[in-house]
Amino acid sequence: MSKQNRTAIEPTRDQNYAEWYQQVIKAADMAENSDVRGCMVIKPWGYAIWENIQRALDIKFRETGHRNAYFPIFIPKSYFEKESEHVEGFAKECAVVTHSRLEDDASGGLKVAGELTEPLIVRPTSETIIGASFARWVNSYRDLPLLINQWANIVRWEMRTRLFLRTSEFLWQEGHTAHESFEEAMEESRKMLDVYADFAKDYLAIPVIKGEKTESERFPGAVNTFCIEAMMQDKKALQSGTSHFLGQNFAKASGIKFQNREGEIEYAWTSSWGVSTRLIGALIMAHSDDNGLVLPPKIAPSHLAVIPIYRNEEEKAHVLDYCKKVTDLFERTEWEGIRIYTEMDERDLTGSERNWYWIKKGIPLRIEIGPRDIASGSVMVARRDKDPREKQSVQLENLKDYCLSTLSEIQDIYYQRALAFREKNTVKIDSKDEFYAFYTAKNKNKPEIHGGFAHSHWCGDPACEEQIKADLKVTIRCIPFDKEIEEGHCIVCGKPSHERVIFAKSY
RNA sequence: CGGGAUGUAGCGCAGUCCGGUUAGCGCGCUCGGUUCGGGACCGAGAAGUCGGAGGUUCAAAUCCUCUCAUCCCGACCA
């Protein structure tokens with residue numbers, strides 16, 4: 001391949017999407033696999049993204065009346081057993097602590113000892129342990145609603161893992177709330193789904209579809225599971241956040257009871273909702289290109305990379321002095337509520353090496369500064385959303401305004417681009433043949449990127465859903481809230497249906 | 001847990017079928033020099049229990065046995 005057309009990431013998305021994904025993470029230095037099977041090390045550039053996600057969401061949680069708290073990482077096995085569906089759903093992926101210490105064995109190694117009377121489950125989710133606290137905290141309707149959020153790590157012993165998308169241990173937030181009525185708990189779970197959807201749109205620049213899961217995809221023990229679904233660039237769906245209406249199931253299991261306004265004892269109505277480090281996976285797959293990570297400015301760890309260009313010590317002093325003026329322009333600058341961070345890259349590498357380094361990291365703007373720019377009182381600005389070679393000369397006095405308005409522009413372009421991609425790959429399908437053709441790769445040996453979101457009719461029978469999954473690995477991602485009320489026939493069995501649902505292959 | 005594959009320098013690999021000097025290559029790293037505004041080049045250098053244990057042999061990265069680990073494809077999943 002000629003240097004002109006060389007991409008920073010190999011293979012490209014078209015060549016091998018899964019491998020491309022791994023390479024983007026590596027090239028941006030976001031995370032790596034650890035020696036612990038299925039667990040990742042999140043490196044500073046990746047962790048900063050997570051911190052930005054936390055910061056933005058935490059404010060929204062606070063604004064909607066929630067307070068942060070922290071509960072134990074260990075859940076007694078007996079707690080876990082109280083909600084039967086819940087146990088069944090998570091039993092196969094639990095890490096269990098059975099011993100409390102290590103002792104020398106005869107051969108210079110260590111053996112486990114001190115068996116616990118009751119095994120402890122490393123939390124795969126905290127409904128039961130938080131429920132136990134809620135049971136103590138709630139006595140009267142005056143104690144409700146109880147609106148708690150926890151930022152935590154959790155463990156789900158997955159068979160197969162992929163950085164950010166599915167790891168045995170991951171970081172997330174889990175909101176847990178208790179209410180005095182069905183309506184209020186339902187409203188809460190829908191409200192938090194909106195918070196997630198708005199966040200995905202406004203910060204991650206990812207359009208999502210809000211909807212409800214079918215019974216087979218529902219959270220174990222929940223009455224309703226709501227979700228936001230996003231389309232990745234390989235046209236597969238990624239569940240990016242969930243919110244559950246738990247009815248009184250968990251309240252009954254944990255004994256969350258209160259005296260209501262009529263003086264009667266009643267079980268509380270609860271909800272739970274969460275997003276995880278998986279959002280970073282969504283971010284990568286929604287926007288990144290064959291030159292590496294692409295970051296919406298609102299979630300980027302840093303916004304501007306300053307790259308001084310010089311040939312000798314004399315020029316260096318001169319150029320660095322000018323660069324300082326540039327970085328000073330952005331000192332303590334806020335843009336749309338976000339603190340602007342600059343990266344000064346003085347490393348002894350060629351200009352192009354430093355440029356590509358920041359392209360691969362997805363930094364929104366690169367500012368090159370050399371003797372020629374200084375002579376004309378300007379700098380060269382390059383945008384991550386444009387061709388790597390494209391640069392714009394900007395006068396120093398206009399630079400700050402130019403950069404800030406360009407960040408807004410880039411943020412918007414990424415969203416519009418992702419939205420257009422989803423629209424382009426979303427279809428209405430009414431015939432079974434067409435449906436099967438849509439989800440079948442032309443090249444069986446090396447499947448090309450194919451498929452997308454299909455709005456099709458479904459009769460509501462789990463057997464039809466199962467059929468599609470078995471035949472095509474396609475599942476119902478959700479029953480969208482914005483559904484068309486329309487009579488039709490089930491894509492599988494042909495029986496009458498009154499709504500379209502969204503089908504897709506998913507992560 | 002079923003099916004397939006792989007363990008050789010920090011990373012990626014060749015060498016293994018058919019045993020034979022001192023185990024190579026690319027990238028990266030270190031040092032020196034020329035470069036630097038579109039992924040530079042030249043020269044020198046450091047770095048390896050060949051996954052582990054046992055066996056066969058004059059001789060093992062290479063053959064045999066056992067073992068450990070990882071990856072891929074399934075089933076399970078945010």
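Just so it is clear: chains get the letters A, B, ... in the order the sequence lines come, proteins before strands, and each one is counted from 1. This structure is a prediction, so every number in the text was calculated from the model and none was measured.
- The stretch residues 206-236 of chain A has no heavy atom under 4.0 Å from RNA chain B, so no residue of it qualifies as close.
- A salt bridge does not link A:E390 with A:R383: every distance from a Lys NZ or Arg NE/NH1/NH2 to an Asp or Glu carboxylate oxygen is 4.0 Å or more.
- For residues 11-26 of chain A, every residue pair satisfying the salt bridge (charged side-chain N to carboxylate O under 4.0 Å, His left out) rule, not counting sequence neighbours, is listed here: A:R13-A:D290.
- Comparing the same atom, P, in B:G33 and in B:U49 gives a spacing of 33 Å after rounding to whole Å.
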Distances for protein N or O near nucleotides 27-32 of chain B N or O, under 3.5 Å:
none

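- Annotation: salt bridge (charged side-chain N to carboxylate O under 4.0 Å, His left out) contacts involving residues 470-480 of chain A, sequence neighbours excluded, comprise A:E217-A:R477, A:E229-A:R477.
- If you take atom P in B:A69 and the same atom in B:A53, they sit 16 Å apart, rounded to whole Å.
- Between A:D328 and A:K324, at least one side-chain nitrogen of the basic residue sits less than 4.0 Å from a carboxylate oxygen of the acidic one, meeting the salt-bridge criterion.
- Remark: the A:T177 side chain and the A:S271 side chain contain an N/O donor-acceptor pair separated by less than 3.5 Å.
- No side-chain N or O of A:H66 forms a donor-acceptor pair with one of A:Q173 less than 3.5 Å apart.
- B:A59 and B:G55 have their P atoms separated by 12 Å, with the value rounded to a whole Å.
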Check the pair A:H176, A:S272 against side-chain hydrogen bond (donor to acceptor under 3.5 Å, both in side chains), reporting the backbone distance first and the verdict last. CA-CA 5 Å; A:H176 294 271; A:S272 70; 4.7 Å; no
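- Across B:G39, B:C76, B:C11, the shortest atom-to-atom separation from the side chain of A:W356 is found for B:G39.
- Side-chain atoms of A:N355 and base atoms of B:G37 include no donor and acceptor less than 3.5 Å apart.
- Using atom P as the reference point in both B:U62 and B:G52, the two lie 10 Å apart (nearest Å).
- Taking atom P on both B:C25 and B:G15, the two are 15 Å apart, rounded to the nearest angstrom.
- Counting only Watson-Crick and G-U wobble pairs whose two key distances fall under 3.5 Å, RNA chain B forms stems of three or more stacked pairs at B:1-7 with B:68-74, B:10-13 with B:24-27, B:29-34 with B:40-45, B:51-55 with B:63-67.
- For B:G20 and B:A40, the P atoms lie 41 Å apart once the distance is rounded to whole Å.
- Neither side chain, A:Q392 nor A:K386, offers a donor N or O lying under 3.5 Å from an acceptor on the other.
- Donor-acceptor pairing under 3.5 Å is recorded for the side chains of A:E465 and A:S216.
- Under a 4.0 Å N-O distance rule, the pair A:D289/A:R384 qualifies as a salt bridge.
- Here A:T242 lies out of heavy-atom contact (under 4.0 Å) with every strand.
- Looking at heavy-atom distances under 4.0 Å, A:E158 makes contact with a base.
- For the P atoms, the distance from B:C17 to B:C63 is 5 Å, rounded to whole Å.
- Here the two rings, on A:F170 and A:F164, have centers that are 6.0 Å apart or farther.
- Of the residues in residues 300-312 of chain A, those lying under 4.0 Å from RNA chain B by heavy-atom distance are A:I309, A:R311.
- Within the structure, every side-chain polar atom (N or O) of A:T350 is placed at least 4.0 Å from both OP1 and OP2 of B:U35.
- Among the protein residues, A:K473 comes within range of the sugar-phosphate backbone only, with heavy atoms under 4.0 Å from sugar or phosphate atoms but none that close to a base.
- Side-chain atoms of A:N355 and A:R366 include a donor-acceptor pair closer than 3.5 Å.
- A cation-pi arrangement is found for A:K82 relative to A:Y79, the charged atom lying closer than 6.0 Å to the ring centre and inside a 45° cone about the ring normal.
- Remark: A:K505 is not positioned above the aromatic ring of A:Y439, lacking an NZ or CZ atom under 6.0 angstrom from the ring centre and at most 45 degrees off the axis.
- When heavy atoms are screened at a 4.0 angstrom cut-off, A:F170 is found touching base atoms of the nucleic acid.
- Taking the C1' atom of each, B:A46 and B:A9 are spaced 11 Å apart, rounded to whole Å.
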